[in-house]
Amino acid sequence: MTGLVRSSVDLDERRRRILYRCWHRGIREMDLVLGQFAEENIADLTDVELDELEVIMNEEDNDLVKMVTGALPVPERFQTPLFERIASYRPDFDPVTN
């Protein structure tokens, strides 16, 4: 088990690594946003989207949180459909709080 509900057993090595990294960010808010986003989408992301997700994941968590919440403008390099999907994703806090 990697996250809240998804097992990584059926994923290839790259997707397993990305899923793990999405859940282990350092800032809980980013764990929840990227972790749950990855749980729902990792199996269907293309190789190009995985490349982009890895670039996004290399950004500092404090900056990512601010970009996702709108407190910081999104740099042009992140003005992409994938980043928009991540920024608009709303995690389900029920499994975390129950």
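E59 and R77 get closest at one heavy-atom pair: OE1-NH2, 3.0 Å. Closest non-hydrogen pair, D12 versus R15, comes out as OD1-N, 3.0 Å. Closest non-hydrogen pair, V74 versus Q79, comes out as O-NE2, 2.9 Å. Nearest approach of G26 to D61, heavy atoms of both residues: N-OD2, 3.8 Å. In terms of heavy atoms, I56 sits closest to L64 at O-CD1, 3.5 Å. In terms of heavy-atom proximity, M57 sits nearest to C22 at SD-SG, 3.6 Å.
L53 has its side chain within reach of I86: a pair of non-hydrogen atoms, C-beta onward, lies under 4.5 Å apart. Between R21 and R16 the shortest side-chain heavy-atom distance does not fall below 4.5 Å. Counting heavy atoms from C-beta on, the side chains of V55 and F78 come closer than 4.5 Å. Within the 4.5 Å cutoff, the side chain of N41 has heavy atoms near those of the R85 side chain.
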message: Could you go through M67 and D63, starting from their C-alpha distance and side-chain angles, then the distance that decides it, and tell me whether this counts as side-chain contact (heavy atoms from CB on, under 4.5 Å)?
response: CA-CA 6 Å; M67 285 185 255; D63 293 337; 4.0 Å; yes

- prompt: Between L45 and L82, does a side-chain contact (heavy atoms from CB on, under 4.5 Å) hold up when you go through it step by step?
  reply: CA-CA 10 Å; L45 294 177; L82 179 63; 4.2 Å; yes

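Comment: D51 engages R14 in a salt bridge, judged by a side-chain N to carboxylate O separation of less than 4.0 angstrom. We find that R17 and E54 are joined by a salt bridge, their nearest charged nitrogen and carboxylate oxygen being less than 4.0 Å apart.
A donor atom on one side chain and an acceptor atom on the other are found under 3.5 Å apart for W23 and E39.
Heavy-atom contacts from other residues, nucleotides or ligands closer than 6.0 Å to CD of E84 number more than 12.
Atom CG in L11 sits 6.5 Å away from atom CG in L19 (nearest 0.5 Å). Between K66 atom NZ and E60 atom CD the span is 11.0 Å, to the nearest 0.5 Å.
Under the 3.5 Å distance criterion, the side-chain polar atoms of E52 are left unmatched by any main-chain donor or acceptor of E49. In this structure a side-chain-to-backbone donor-acceptor pair under 3.5 Å is missing from R25 to D31.
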